[in-house]
Amino acid sequence: MAQLEQLEQLAAPGSQWWRSAVIYQIYPRSFADASGDGIGDLPGITSRLDALKQLGVDAIWLSPFMTSPQKDAGYDVADYRDVDPLFGTLADFDEMLAQAHARGIRVIVDLVPNHSSDQHVWFQQALKAAPGSPERARYIFRDGKGENGELPPNNWESVFGGGMWQRITEADGTPGQWYLHIFDVSQPDFDWNNEEVREEFRSILRFWLDRGVDGFRVDVAHGMIKAAGLPDYVPDPEAGSMGGGEENVPYWGQDGVHEIYRDWHRLLAEYDGDRALCGEAWLPTLKKTALWVRPDEMHQTFNFGYLMTPWDAERLRDVIRESLDDFGAVGAPSTWVLSNHDVVRHASRLALTADNPQGEGIGPKSKGKPDPVVGLSRGRAATTVMLSLPGSAYLYQGEELGLPEAMEIPDEFRQDPTWFRTNGERYGRDGCRVPIPWDADAPAYGFNDTGASWLPQPAEWARFARDVEEDDATSTLNLYKTLIRLRREHALGSGSLVWEDAGEDAVAFRRGDIHVVANLGTAPLELGDDATFLVQSAPFAGTALPPDTAAWFTRG
Ligand code: ISL
């Protein structure tokens, strides 16, 4: 398609592209490193856009690249309107955006509104100002309990381990108030009841919309409003670090958040080109999650219920049915996602043999490590199902190569605050964040040309390098390309799904003329000799679908 036509299509109003898009998550520090310092950057992304065009994605979402001391890999923002020198400059961002748009690829940026970095000028001002001042009121400062305020204001526990409150020393040197941080101590939470905070974020949204971004992924979109009075709460240890299956957590999913998204929805609607909001909201049920995407709120929200579903046919059927019903009930498309920068990569996760709550990660001493062959088969089959589903699908960089979790990172290289705040009890998320391989024979597998890498790359990753996979018709990369191409050709991103019965251990449905079946059992599944295959998650002869395999086919 001519470049001009592509640009016109991107600008077309009312296309609601996000309803059916394939969106590729770039984790900038681990994607491509043009400067050679071992940390990926924006010019690196620009230099590799052609590979994403070839993959066939509609949009990219970039994890944060704004100014940040990088205590939580950029999810601790010190200046929301600038690029961290690690990643380049605003001019590099503009160039990347223009180059992506010229290829017909939309660009979504990450917005982190729940908290800032403690290096943000507002927080620095708050530390210097007096209790009760307008500077303090932008964050959640409280007096401590106990005779001398020596106890935290309540018993909440940080998602990264340890308490959720940090006591400060006042400007005069005396022990002072406490501030709330759901995440690391370096990530103080804003007070979203304060109109000044709301106004500031409207202006930040406009800053990036004016530059031409197509939307935002909204970090911790379930946490910005806390229950009035900040009541005590003891999380269920079984529920995982995000309060997983629990209702009524006083810092998650409070009704007050919806007003904020309605406000942002209106703001985005002032712009042309169908800009979209996608919420990162970990909530106990899909029904509740659907409240984030009512017609006047966000356009999408991540389907973490789907992501968390283990390799079990009945549960997979249930979550697909529930997703279509619950999001459909509010007129929103479902989204689908299997991997991101916070979870164990799905080519490993789906074959874990011990419990592994989100955020725990896998390291050298973990129990239940996956068999890599089983993991990759299931991973490919899971993606083959996902990319056939109606709605929008999110991919995480490296999954198109079939990358497994990096499980043997030596302790001294670990960077996730989770690892430090739990004294090494939880490995955290570094294993899914290792720089990805491009060229098998180049330094750092072509991540850069110096060989530097902020997390060590496993020795066996040469076989996952993009150049190797490009030349192998049976590679995971070529499977993804085929799936994305067929999905587009058959418009599978929209339309309805008809369930079929292929037995207890199968997930089976029809999308128009295309039958999709995944075999999650242990015995081959005969599909009938009139099956004509469009794509198989792993090549097999005949018409019996092997275990841990999925296929798309027509009949007759
Ligand atoms: O990964 C987790 C815990 O180890 C999750 O609970 C995660 O923190 C949660 O999904 C919120 O994630 C987002 O905000 C965090 C950041 O660390 C994550 O990378 C980001 O995706 C704090 O900004």
Side-chain angles (χ1 to χ4, degrees), residues 64 66-80 112-201 204 219-220 223-235 241 243 249-252 254 256-257 260 416-423:
M66 294 83 186
T67 313
S68 160
Q70 305 290 321
K71 292 278 175 53
D72 184 21
Y75 282 95
D76 49 323
V77 180
D79 183 350
Y80 288 87
V112 188
N114 178 69
H115 47 266
S116 70
S117 158
D118 59 0
Q119 300 307 307
H120 191 286
V121 59
W122 273 11
F123 192 72
Q124 290 300 314
Q125 288 169 355
L127 288 179
K128 290 188 197 103
S133 61
E135 287 84 355
R136 288 255 165 118
R138 295 160 174 160
Y139 293 89
I140 304 177
F141 280 88
R142 293 287 183 278
D143 293 333
K145 286 187 178 160
E147 223 168 288
N148 301 305
E150 71 281 11
L151 299 172
N154 69 22
N155 69 350
W156 296 359
E157 284 172 25
S158 156
V159 167
F160 291 159
M164 215 189 258
W165 293 92
Q166 177 69 19
R167 192 170 198 190
I168 65 159
T169 303
E170 300 292 349
D172 64 4
T174 57
Q177 287 195 302
W178 299 70
Y179 68 85
L180 182 83
H181 59 93
I182 290 187
F183 296 94
D184 190 49
V185 62
S186 63
Q187 294 166 295
D189 282 48
F190 284 114
D191 186 346
W192 272 88
N193 294 314
N194 183 337
E195 178 53 31
E196 197 186 354
V197 171
R198 294 186 187 222
E199 194 46 44
E200 173 67 0
F201 272 87
I204 292 166
D219 191 55
V220 197
M224 286 145 72
I225 297 285
K226 283 77 181 171
L230 310 180
D232 271 356
Y233 172 71
V234 183
S241 62
V249 183
Y251 42 89
W252 296 144
Q254 299 296 308
V257 295
I260 302 170
D416 187 347
T418 309
W419 165 258
F420 299 101
R421 290 186 61 86
T422 63
N423 293 319

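Computation of the quantities below employed the complete heavy-atom set of this structure, encompassing side-chain atoms and omitting hydrogens, waters and symmetry-equivalent molecules.
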Note to self: Please check: side-chain N/O of Glu135 versus main-chain N/O of Lys128, any donor-acceptor pairing under 3.5 Å?
What the structure shows: no

Margin query: Exactly one of Ile225, Val220, Val257 should register a side chain to side chain contact (heavy atoms under 4.5 Å, CB included) with Asn114. Which one does?
Written below: Val220

Notebook entry, point to check: If you look at every heavy atom in Ile168 and Phe141, which pair is closest and at what distance?
Noted result: CD1-CE2, 4.0 Å

Check: Given side chains that start at C-beta, do those of Ile182 and Lys226 come closer than 4.5 Å, heavy atoms only?
Finding: yes

Next item on the list: Tell me, with the steps shown, if Ile204 and Met66 meet side chain to side chain contact (heavy atoms under 4.5 Å, CB included).
Entry: CA-CA 12 Å; Ile204 292 166; Met66 294 83 186; over 6 Å; no

Item checked: For the student: nearest non-hydrogen atoms of Asn148 and Arg167, plus distance -> O-NH2, 3.0 Å

Notebook entry, point to check: Which heavy atom of Gly161 sits nearest a heavy atom of Thr422, and at what distance?
Noted result: CA-CG2, 4.2 Å

Next item on the list: Write down the atom of Pro113, the atom of Phe190, and the distance for their closest heavy-atom approach.
Entry: O-CD1, 3.3 Å

Notebook entry, point to check: Shortest non-hydrogen contact from Asp184 to Phe160?
Noted result: N-CD1, 3.4 Å

Note to self: I want to check something: taking the side chain as every heavy atom from C-beta on, are Leu230 and Pro153 in contact at a cut-off of under 4.5 Å?
What the structure shows: no

Notebook entry, point to check: Looking at Trp178, Tyr233, Phe183, Tyr251, which one forms a ring-ring contact (aromatic ring centres under 6.0 Å, His included) with Trp156?
Noted result: Tyr251

Next item on the list: Check whether any side-chain heavy atom of Glu196 lies under 4.5 Å from a side-chain heavy atom of Trp122, and answer yes or no.
Entry: yes

Next item on the list: Check for a donor-acceptor pair, side chain of Glu170 on one end and backbone N or O of Gln177 on the other, with a separation under 3.5 Å.
Entry: yes

Notebook entry, point to check: Relative to each other, are the rings of His120 and Tyr80 parallel, tilted or perpendicular (30° and 60° limits)?
Noted result: tilted

Next item on the list: For Arg138 and Asn194, indicate whether the former's side chain and the latter's backbone hold a donor-acceptor pair under 3.5 Å.
Entry: no

Next item on the list: Look at the side chain of Ser158 and the backbone N and O of Gly163, then say whether any donor-acceptor pair between them is shorter than 3.5 Å.
Entry: no

Margin query: Are there over 12 heavy-atom neighbours, none belonging to Glu147, within less than 6.0 Å of that residue's CD?
Written below: no

Checklist line | Passing candidate, side-chain hydrogen bond (donor to acceptor under 3.5 Å, both in side chains) with Asp76, options Ser186, Ser116, Ser68 | finding: Ser68

Margin query: If we ignore hydrogens and angles and just use 3.5 Å, is the side chain of Glu157 paired with the main-chain N or O of Met164 as donor and acceptor?
Written below: no

Notebook entry, point to check: Is the closest side-chain heavy-atom distance between Trp165 and Leu180 below 4.5 Å?
Noted result: yes

Check: Quick one: does Arg142's side chain have a donor or acceptor within less than 3.5 Å of a partner on Asn154's backbone?
Finding: no

Check: Can you name the closest pair of heavy atoms from Arg136 and Ala129 and give their distance?
Finding: NH2-O, 3.0 Å

Checklist line | Donor-acceptor pair, side chain of Arg198 and main chain of Asn193, under 3.5 angstrom | finding: no

Checklist line | Minimum side-chain heavy-atom gap Val197-Met224 below 4.5 Å | finding: no

